[in-house]
Amino acid sequence: MWNLTVASRLSRSRCFFSSVIPRPCIIQKRGADILHDPWINKDTGFPLTERNRLGLRGLLPPRVISFEQQYARFMESYRSLEKNTVSESDTSHVALAKWRILNRLHDRNETLYFRVLIDNIKDFAPIIYTPTVGLVCQNYSGLFRRPRGMYFSAKDKGEMMSMIYNWPAQKVDMIVLTDGSRILGLGDLGVHGIGIPIGKLDMYVAAAGLNPQRVVFGVLAKLILKDGMPEGLGLEAELVFHTKVEVFEMLMEDLDFDTNRIANAKAIVGISSCLYVLCVVVIFCLILPVMLDVGTNNLKLIEDPLYLGLRQPRLEGEEYLSIIDEFIEAVLTRWPKAIVQFEDFQMKWAFETLKRYRERFCMFNDDVQGTAGVALAGLLGTVRAQGRSLDDFPNQKIVVVGAGSAGLGVLSMAVQAVVRMTGNAKTAAQNFFLLDKDGLITKERKNLDPAAVPFAKDPGLIAGLRDGDSLLEVVSSMLVLEQQQQQHVKKVKPDVLLGLSGVGGVFNEEVLKALRESSSNRPAIFAMSNPTMNAECTSVEAFKHAGENIVFASGSPFENVQLGNGKVGYVNQANNMYLFPGIGLGALLSGARIITDDMLQAAAECLASYMTDQDIEKGILYPSINGIRDITAKVGASVVRAAVAEEVAEGYGKVDPEELAYMSKEETVEYVRRNMWYPNYSPLVQQK
Ligand SMILES: NC(=O)c1ccc[n+]([C@@H]2O[C@H](COP(=O)([O-])OP(=O)(O)OC[C@H]3O[C@@H](n4cnc5c(N)ncnc54)[C@H](O)[C@@H]3O)[C@@H](O)[C@H]2O)c1
Ligand SMILES: O=C(O)C[C@H](O)C(=O)O
Ligand SMILES: [Mg+2]
């Protein structure tokens, strides 16, 4: 017999629920199984009523510890770890110790874990995400404890369509997928790269409020209560009478409910009174980290006795693509509306898979497209910080170091922005200079990757510029013989130096000093490579060698720099974490069929417009990470509105595209906010 529980009163709009009372979950587990399930476990937080009802009495210490007390106890243990290790020189060891204490909580009690993460995001993002997540991937064979996510390997060819059903959730909203081939700037880490999708999805929960276990409401039955409200139904929550049966019938459809489950439930329920009861059936609508293990070319891993993946060279060509194709087919068969974020694929497959799939289903490549949006927002902020108007962006001279998936993604989006401003595609890239490991890229370069061709410079463009020139030669002055006179000529006086090379220290002292001659009074340095040791320069180096009036941003977090006399050199984190959660959330809540360039542009513009003139004046280009949920709600709303405008939105739940189209900008933000989960314990009731 179902213990009926009314979840909460319906809010005025039909598909949302006010959270007047905690939403209960109906679960199938009992006793110790509950304690071993991090999705529903509350540790000592189970109230006595639940301990009695769920067979937990005697399996826990007698004292009930509240959620708030548990929270305070965890934070105390974390802070004491911080205090006890503050003087340790081995910062990697300390970072991993912090990751372990958080991961243990993640493996034990997801509700508490995500609450402490959300409330302390500035402290914990550098641990569960960049830069520490890179260290975790490098040490994964020793750190692996509890499986998280799914693994599809080259050995599973032909099996994936059945394997996908091993995942317990009936519905999955968001998948982050990697093949481990380019993990941050750490290269090929094979199957140990799973740490990246896990960390990215933690940021989805923290920033976008995606729910790791979405409780899905649906009417269980229309019950006939003849003599009014019966006493003592054992309900945990306030009963709320609803007279609009069609509201509930509609909810059932909207939840692509398993109608057999409802039919069975109706047979079970025997209460002889009429009550439209909102009951809850837990359908885990999960976020899902996925690793495609197609081998590794990292010999150190292959020789590591504890390596957890296939000990074979990476698949290549059609063999590789056939594995991805099979996985995508399996996903779209089981979860046709799932959104797939491609993450940390090496360049050739990042572009190939983007081209192969982006028109077929809702997917994006975060390193190419998410990064581009964050960088564009920062570049537009730089134009403002340099005291220029935004329409002067086409004249901003940008030197990009790194012609990989990220660098080319950034320049492609920057060119799109210039074309939108000037209408002239022909000259759009004239002020962008691109270098790779072989130096400046000009049209003389042999075997240039097609994606880089639009940015190859005409050799004669600037006196003295040659293919393969080093970064210093590109940005520094040189003696040239002109009109029989030796004179110093600046080749490129960049307004912006942007690194996505994956190589630490590329912006050395000489290069940074050369920026003092920039044609801008406030040159910008974006040392965007991750993790920290791969940053093209540190914040201290940048302010010390390029001058105090620069704008600085990096991919991994650095502290602000004290410049003396109370002056502060503000440090920005130019990381795609500012956009991918909003891109995914907006695509989800609009029911977008695909993710278009305009949706991505809308996200970037929303991020850029977020900063006030006062922020920009200080050199602050991005909001504090403490505001990541607010910015994600606004970015998500901008993506929803762009999807509707482009008619790729198919609606979400019962909110159809027409309803989305009627929403004002503010209502769209409100719609997004209402769908963002915030962790609290839910009352648990057990399906008999
Ligand atoms: N901040 C962010 O949000 C963000 C987003 C994506 C990628 N990244 C970082 O960017 C880096 C590169 O990522 P990717 O996917 O483009 O890698 P990639 O391997 O595809 O490209 C790296 C590029 O850098 C070039 N390069 C290597 N050494 C160089 C050197 N010494 N001088 C100049 N160029 C050099 C390579 O030739 C290649 O063109 C990684 O560290 C990654 O973590 C940061
Ligand atoms: O993972 C990050 O921190 C950003 C980006 O996706 C990267 O690959 O560096
Ligand atoms: Mg990445």
Side-chain angles (χ1 to χ4, degrees), residues 125-126 128-134 136-137 176-189 193 195-203 341-351 354 364-378 399-412 433-441 445 448-449 451-452 455 468-472 474 497-508 511 526-536 553-558 572-581 607 622 625:
I128 59 100
Y129 184 65
T130 295
T132 305
V133 73
V136 169
C137 293
V176 176
L177 173 71
T178 188
D179 68 357
S181 57
R182 192 283 288 151
I183 298 300
L184 302 181
L186 305 170
D188 178 350
L189 295 186
I196 291 292
I198 292 170
K200 292 276 178 177
L201 283 163
D202 279 2
M203 290 302 287
Q341 174 174 323
F342 281 59
E343 192 67 50
D344 289 11
F345 282 71
Q346 61 181 304
M347 175 174 156
K348 64 179 177 181
W349 296 128
F351 287 122
L354 193 54
F364 71 104
N365 181 295
D366 186 32
D367 299 298
V368 176
Q369 298 167 301
T371 311
V374 169
L376 179 62
V399 171
V400 173
V401 182
S405 60
L408 291 173
V410 167
L411 282 180
S412 302
F433 299 80
L434 180 61
L435 291 86
D436 66 4
K437 65 186 182 321
D438 301 320
L440 179 70
I441 295 176
R445 180 69 70 94
L448 187 57
D449 187 296
F455 312 109
D469 273 354
S470 72
L471 177 56
L472 185 60
V474 170
L497 188 53
L498 188 148
L500 282 163
S501 65
V503 178
V506 167
F507 298 167
N508 58 32
V511 167
F526 287 73
M528 291 181 70
S529 289
N530 293 311
T532 313
M533 66 185 185
N534 295 59
E536 281 77 7
S554 52
S556 294
F558 283 96
N572 299 282
Q573 189 172 358
N575 188 292
N576 51 31
M577 71 180 172
Y578 278 108
L579 283 189
F580 74 77
L607 181 59
Y622 302 104
I625 190 172

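Counting starts at 1 for both ligands and their atoms, following the listed order.
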In ligand 1, the atoms that come under 4.0 Å of a heavy atom of Gly185 are 40 (C), 41 (O), 43 (O)
Would Met528 count as a contact of ligand 2 if the rule is a heavy atom under 4.0 Å away? no
The protein heavy atom nearest to atom 34 (N) of ligand 1 is Asp436 C, 3.1 Å
Candidates Lys200, Glu343, Gln369 - the one meeting side chain to side chain donor-acceptor pair (under 3.5 Å) with Asn576: Lys200
Relative to each other, are the rings of Tyr578 and Tyr622 parallel, tilted or perpendicular (30° and 60° limits)? parallel
min-distance protein heavy atom vs atom 22 (C) of ligand 1 -> Ser501 O, 3.8 Å
Quick look: Pro531 vs ligand 1, heavy-atom contacts under 4.0 Å, and the answer is neither
Any sub-3.5 Å donor-acceptor pair from Asn534's side-chain atoms to Gly502's backbone N or O? yes
Which heavy atom of Ile625 sits nearest to which heavy atom of Ala125, and what is that distance? CD1-CB, 3.7 Å
Protein residue, atom and distance nearest to atom 31 (N) of ligand 1, heavy-atom basis: Val506 CG2, 3.9 Å
When you look for heavy atoms under 4.0 Å from ligand 1, do you find them on the side chain of Arg182, its backbone, both, or neither? side chain
Nearest heavy-atom approach of Gly555 to Thr130 is O-CG2, 4.4 Å
Which heavy atom in Ile183 sits nearest to a heavy atom in Thr178, and how many Å separate them? CD1-OG1, 4.1 Å
If we only consider heavy atoms of Asp367, is any one of them less than 4.0 Å away from an atom in ligand 1? yes
Can you list the atoms of ligand 1 that are under 4.0 Å from a heavy atom of Thr371? 4 (C), 5 (C), 6 (C)
For a quick test of reading the model, state the closest non-hydrogen atom pair linking Val374 to Ala574 and the distance between them. CG1-C, 3.8 Å
Glu343 atom (N/O/S) at minimal separation from the Mg ion (ligand 3): OE2
So, Lys348 and Asp449, do they make that salt bridge, N to O below 4.0 Å? no
Is there a donor-acceptor pair under 3.5 Å between the side chain of Asp436 and the backbone N or O of Gly402? no
To the nearest 0.5 Å, how far apart are CG in Leu440 and CG in Leu434? 8.0 Å
Suppose we only count N/O/S atoms under 2.8 Å; would Asp344 qualify as near the Mg ion (ligand 3)? yes
Kindly say whether Met528 contributes a backbone atom to a donor-acceptor pair with the side chain of Ser554 at under 3.5 angstrom? no
Select the closest option to atom 39 (O) of ligand 1 among Ala403, Gly409, Pro131, judged by heavy-atom distance. Ala403
Specify the protein heavy atom at minimum distance from atom 8 (N) of ligand 1: its residue, its atom name, and the distance to 0.1 Å. Leu500 CD2, 3.7 Å
Do Arg445 and Asp438 have side-chain heavy atoms sitting under 4.5 Å apart? yes
Is Phe580 near ligand 2, meaning one of its heavy atoms is under 4.0 Å from it? no
Specify the protein heavy atom at minimum distance from atom 3 (O) of ligand 2: its residue, its atom name, and the distance to 0.1 Å. Thr130 OG1, 2.4 Å
Within the 4.0 Å heavy-atom cut-off, what Lys200 brings close to ligand 2 is side chain
Least distance between heavy atoms, Leu354 atom then Asn365 atom: CD1-N, 3.9 Å
Can you report which non-hydrogen protein atom sits closest to atom 18 (P) of ligand 1, along with the distance? Gly404 CA, 3.9 Å
Please answer whether the main-chain N or O of Asp344 pairs with a side-chain N or O of Asp367 as donor and acceptor at a distance below 3.5 Å. yes
Starting from atom 3 (O) of ligand 1, locate the nearest protein heavy atom and write down its residue, its atom name and how far away it is, to 0.1 Å. Asn576 N, 2.9 Å
Of the choices Asp367, Asn530, Leu184, which has the non-hydrogen atom that lies closest to atom 1 (O) of ligand 2? Leu184
Quick check: does any side chain N or O of Ser405 sit under 3.5 Å from a backbone N or O of Val368, one acting as donor and the other as acceptor? no
Any donor-acceptor pair under 3.5 Å linking the side-chain atoms of Ser556 with those of Gln573? no
Atom 1 (N) of ligand 1 has as its nearest protein heavy atom Ala574 O, 2.9 Å
Provide the number and element of each atom of ligand 1 under 4.0 Å from a heavy atom of Ser529. 9 (C), 10 (O), 11 (C), 41 (O)
Any idea which of Val368, Leu579, Asn534, Asn530 brings a heavy atom closest to atom 41 (O) of ligand 1? Asn530
In short, Ala350 meets Phe345 closest at the heavy-atom pair CB-O, 3.9 Å
Just jot down the ligand 1 atoms closer than 4.0 angstrom to any heavy atom of Met347, in number order. 20 (O)
With a cutoff of 4.0 Å, is Arg182 in contact with ligand 2, counting heavy atoms of the residue only? yes
Just distances here: any N/O of Val401 and N/O of ligand 1 closer than 3.5 Å? no
Which of the atoms of ligand 2 are close to Asn575, meaning less than 4.0 Å from one of its heavy atoms? 2 (C), 3 (O), 4 (C)
From the options Lys348, Gln573, Met528, Lys437, select the one whose nearest heavy atom is closest to atom 29 (C) of ligand 1. Lys437
Thr132 (side chain) donor-acceptor with Ile128 (main chain) under 3.5 angstrom: no
Does any N or O atom in Ala406 lie less than 3.5 angstrom from one in ligand 1, N or O only? yes
Donor + acceptor pair across side chains of Glu536, Ser529 (<3.5 Å): yes
Under a 4.0 Å heavy-atom limit, does Ile196 contact ligand 2 with its side chain, its backbone, both, or neither? neither
To the Mg ion (ligand 3), the closest N, O or S atom belonging to Asp367 is OD1
Atoms in ligand 1 flagged as close to Gly555, the criterion being non-hydrogen separation under 4.0 Å: 1 (N)
Check this for me - ligand 1, Ser405, N or O atoms closer than 3.5 angstrom, yes or no? yes
Closest to atom 5 (C) of ligand 2 among protein heavy atoms sits Asn576 ND2, 3.3 Å
Using a strict cut-off of 4.0 Å, indicate which atoms of ligand 1 neighbour a heavy atom of Leu184. 40 (C), 41 (O), 42 (C), 43 (O)
